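Chain A is the first sequence line, chain B the second, and so forth, proteins listed ahead of strands; every chain is numbered from 1. Both backbone and side-chain heavy atoms feed into the values below; hydrogens, waters and symmetry mates do not. Every value quoted in this text rests on a predicted model; they were computed, and no experiment measured them.
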Amino acid sequence: MKLIHQLNRKYLTYAAILFVAVGFVLFILLRTIVREETDEKLLSMLEHIETFDPGEKNMFELFPVISVKPSNHISADVIFSDTLLQIDDESEVFRQLVAYRQINNSNYKIVIRESSVESEDLLVSLTLIILSSFGGLLLLIYLINKRISKKLWDPFFLNLDKLKQFSLQSSMSFSPEKSDTDEFNEMNRVLKSLTDKVLTDYDNLKKFSENASHELQTPLAVIRSKTEALLEEDQLSQEQISKVESIYKSVNRLTKINSGLLLLTRIENRQFTEAEKLRLNETIQQQLENFSELMEIKKLNFTYDFQSDWVVECNRSLLDMLINNLFGNAIIHNIEGGVLKIVLSNRQLAFYNSGNHPLPDENKLFERFRKGDRSDSVGLGLAISRQICTYFGWELTYRFQEQMHIFSINSDN
Amino acid sequence: MKILVIEDELALLEEINQFLLKEEYVVETADAFDIAEDKIAIYHYDITIVDITLPGGSGLELIQNLKKRNSDTGILIISAKNSLDDKLTGLDIGADDYITKPFHLAELNARIKALIRRRYFKGAMEVSFNEIRINSEEKTVFVNDAKLTLTKKEYALIAFFIANKNRLITKESIAEHLWGDHIDLVDNFDFIYTHINNLRKKIEAAGGTDYLRTVYGMGYKFTDR
């Protein structure tokens, strides 16, 4: 729920409770005041009547307001009460006063009544007026709030949008708009320093990985050349040779891992900026020349289904690498005498190759250091392929269908 | 042939030096920018091998110096950075070739020989090894004057072997030479084995000797010794 709605809802709930309470208290208060007024009025009438002579009949009746009747009872008390009287077939509530007084040496019971209806009416209209003005005020506050808050929150939403667009890849720093609200400015300041820090950290990390990989190249070159030289020596025993051999194999593996990681880092760091218009058909044809001998060796049944060309604007060496990796995989992971099919159409390229079982863990297939059935593989080929595709804005997917491994590249734009 | 090797990593410099001496080149070395600068100023070299990152300056600067003084020098860049920018800049200012660390010495050797051929023999040098003769311009191979029909990879193989004759050539360096450093393909030695077998058969069928020795599972040696 939006903050403004939450605020309004809470605000209205509390205000309603408060108003009901205030209304109730007000009603009680007003009623008490009105009753006291009525009682006072009745008392002052009683005083008037006391100075009055009821006359020879010994009684005076003005129904339903006044009744003076002879009585034997004597009391100094004045009794107030509410009573219901039937007038013209309607019941009406009256406030009545009953007193026993001696006038001209005779005892009388004096009853004075005042209709409550008028005072009730007054009470109700008063309460209504007060409540409706409270309600109006509430509505007004709600509307003003709504209007103001839109204006107040505008800078917040603007900056939120900017933050959504913030990406480490674009390395554009987050620059929030200033607002008049201190809290927002404070948050913006914190966000800005946070994102700046993330950017520098990310940048440093990227630089670090790249530099570290570069720095490793020279020692690797030393180890490699020294072992190669050692292998050429004639006096080595068989045991020594096998030791040097395993050093050599390891350093070669290390070299490949390093250059693979370096490549990944450099793609991530977007260092392949040169782009040119390339036809995928042309690239495939070139690679075909490289691979035709390998396919012959494996006795593969190769078909190239060229439906239409796909013209892309991208980096040539990355594209070569991508096609090379996928093509090479389709040969290496093929079975002897298997099928290899390439299907090219606009915005789609797929490599099919025969296989017995689907690759396990499709989701982890493109992770770094993911190894297939060959333990000598470094496990970076598919990670690099996917990274290149991501860099180009393409999607690389795998599926297994009718005893075929299928790697396909798709582009939406 | 006189070669100057400029490389700041002493262990690597020494190894390249030893390797090239065995190939019977005259080799001089420089392990820092100013030493290299002095040597370039005083002497003439047929081939200069330059590391790009040097203490005291950039190898690219040295290349510019070299080109100003004697433009006929063949220049081979070795760099720890496999970056296209460096490569393009290097080739742009006059370097002939570019090789990335860590390289195989056999690969370096083949590159130097190719460079010498291009620069000093206009590419048309014929290399021969007993009855086998290679024309590097036409990419043809003859055994006792009979022309062999080789595939591209087979030609690349025999040329690589002859450039590195009498040396141990590891499977890894062959793989890299044939397929570049494409990550997962390089390890597939079955392919190399098949290529080599086919090459052997073709040479023998043409009446040539099989000079290829398998060296304890590590690689091969092309030798008549």
Side-chain angles (χ1 to χ4, degrees), chain A residues 210 213-229 231-232 238 241-242 244-245 248-249 251-256 258-260 262-263 266 271-272 274 289-290 292-294 296-298 315 317 320-321 324-325 328-329 331-332 372 374 376-382 384, chain B residues 7-16 18-19 22 51 53 78-85 88 100-106 108 151-154 166-173 175-176 178-191 193-195 198 215-219 221:
Chain A
E210 194 180 344
S213 295
H214 274 144
E215 286 307 314
L216 283 176
Q217 301 284 63
T218 306
L220 282 172
V222 174
I223 301 173
R224 192 185 245 185
S225 60
K226 295 275 176 198
T227 16
E228 278 182 354
L231 282 169
E232 281 208 57
Q238 194 55 48
I241 286 169
S242 68
V244 179
E245 203 182 309
Y248 186 68
K249 288 212 161 80
V251 78
N252 278 316
R253 194 174 161 74
L254 196 57
T255 300
K256 253 174 277 161
N258 195 46
S259 64
L262 186 58
L263 182 66
R266 292 181 55 222
Q271 288 176 8
F272 294 88
E274 313 85 7
E289 228 168 274
N290 283 331
S292 57
E293 284 178 49
L294 294 188
E296 269 168 43
I297 290 172
K298 260 202 149 163
N315 183 280
S317 53
D320 281 348
M321 219 174 296
N324 194 305
N325 277 347
N329 274 347
I331 296 173
I332 291 169
R374 287 157 9 102
D376 54 347
S377 146
V378 184
L380 284 174
L382 280 179
I384 289 172
Chain B
E7 162 64 58
D8 61 318
E9 182 65 41
L10 284 174
L12 186 60
L13 181 63
E14 180 51 30
E15 213 47 65
I16 296 173
Q18 290 297 326
F19 186 91
K22 271 193 212 160
D51 184 5
T53 40
I78 43 177
S79 169
K81 280 192 185 176
N82 184 7
S83 106
L84 197 64
D85 283 348
L88 289 178
T100 313
K101 284 182 193 172
F103 44 80
H104 293 279
L105 289 171
L108 179 69
T151 65
K152 269 194 172 177
K153 297 282 184 232
E154 285 160 4
N166 299 324
R167 287 184 173 282
L168 168 71
I169 307 168
T170 59
K171 288 184 287 190
E172 285 84 357
S173 64
E176 246 181 75
L178 291 191
W179 291 293
D181 53 0
H182 288 301
I183 305 301
D184 273 330
L185 203 54
V186 181
D187 267 333
N188 214 290
F189 301 129
D190 301 345
F191 291 134
Y193 183 74
T194 316
H195 279 312
N198 289 345
V215 186
Y216 35 76
M218 277 302 297
K221 205 176 233 187

Worksheet item: Which atom names give the shortest non-hydrogen contact between A/Tyr248 and B/Met218, and what distance separates them?
Response: CD2-CE, 3.4 Å
Worksheet item: Hey, does B/Arg167 have a side-chain heavy atom less than 4.5 Å from the side chain of A/Leu231?
Response: no
Discussion item. Within the 4.5 Å heavy-atom criterion, are A/Lys249 and B/Glu172 side-chain neighbours or not?
Written reply: yes
Worksheet item: Does a salt bridge link B/Lys153 with A/Glu296, judged by any charged N lying under 4.0 Å from a carboxylate O?
Response: no
Worksheet item: Would you call B/Ile16 and A/Ser225 a side-chain contact if the rule is heavy atoms closer than 4.5 Å?
Response: no
Item to complete: For B/Ala11 and A/Lys226, work out which heavy atoms get closest and say how close.
Response: O-NZ, 3.2 Å
Practice prompt. Under 4.5 Å, counting heavy-atom pairs only, tell me which of A/Leu216, A/Thr218, A/Thr255 racks up the most with chain B.
Written response: A/Thr218
Fill in: Pairing of A/Glu289 and B/Lys152 as salt bridge, 4.0 angstrom limit
yes
Practice prompt. Taking all non-hydrogen atoms of both residues into account, name the closest pair between A/Ile331 and B/Phe191 and its distance.
Written response: CG2-CZ, 3.9 Å
Practice prompt. Kindly indicate, with the supporting measurements, whether the criterion side chain to side chain contact (heavy atoms under 4.5 Å, CB included) is fulfilled by A/Asn324 and B/Trp179.
Written response: CA-CA 10 Å; A/Asn324 194 305; B/Trp179 291 293; over 6 Å; no
Worksheet, complete the sentence: Of B/His195, B/Glu7, B/Glu15, the largest count of non-hydrogen pairs under 4.5 angstrom with chain A goes to B/Glu15
Worksheet entry | Atom of B/Asn166, atom of A/Glu232 and distance for their closest heavy-atom approach | O-OE1, 4.4 Å
Practice prompt. Return the minimal non-hydrogen interatomic distance between B/Glu9 and A/Val222, and the atom names on each side.
Written response: CG-CG2, 3.5 Å
Response to the item:
Tightest non-hydrogen contact, residues A/Arg224 and B/Pro102, listed as NH1-O, 2.7 Å
Worksheet entry | Contact origin within A/Ile223 toward chain B - heavy atom pairs under 4.5 Å | neither
Discussion item. Can you tell me which portion of A/Leu220 sits under 4.5 Å from chain B's heavy atoms? Options are side chain, backbone, both or neither.
Written reply: both
Worksheet item: Is chain B contacted by the side chain of A/Asn290, its backbone, both, or neither, given a heavy-atom distance below 4.5 Å?
Response: both
Worksheet item: Do A/Asn252 and B/Lys171 come close enough that some side-chain heavy atom pair is under 4.5 Å?
Response: no
Worksheet item: Out of A/Glu293, A/Glu228, A/Gln238, which one racks up the most heavy-atom pairs below 4.5 Å with chain B?
Response: A/Glu293
Discussion item. Does atom CD (B/Gln18) have a neighbourhood of more than 12 heavy atoms from anything else shown, all under 6.0 Å?
Written reply: yes
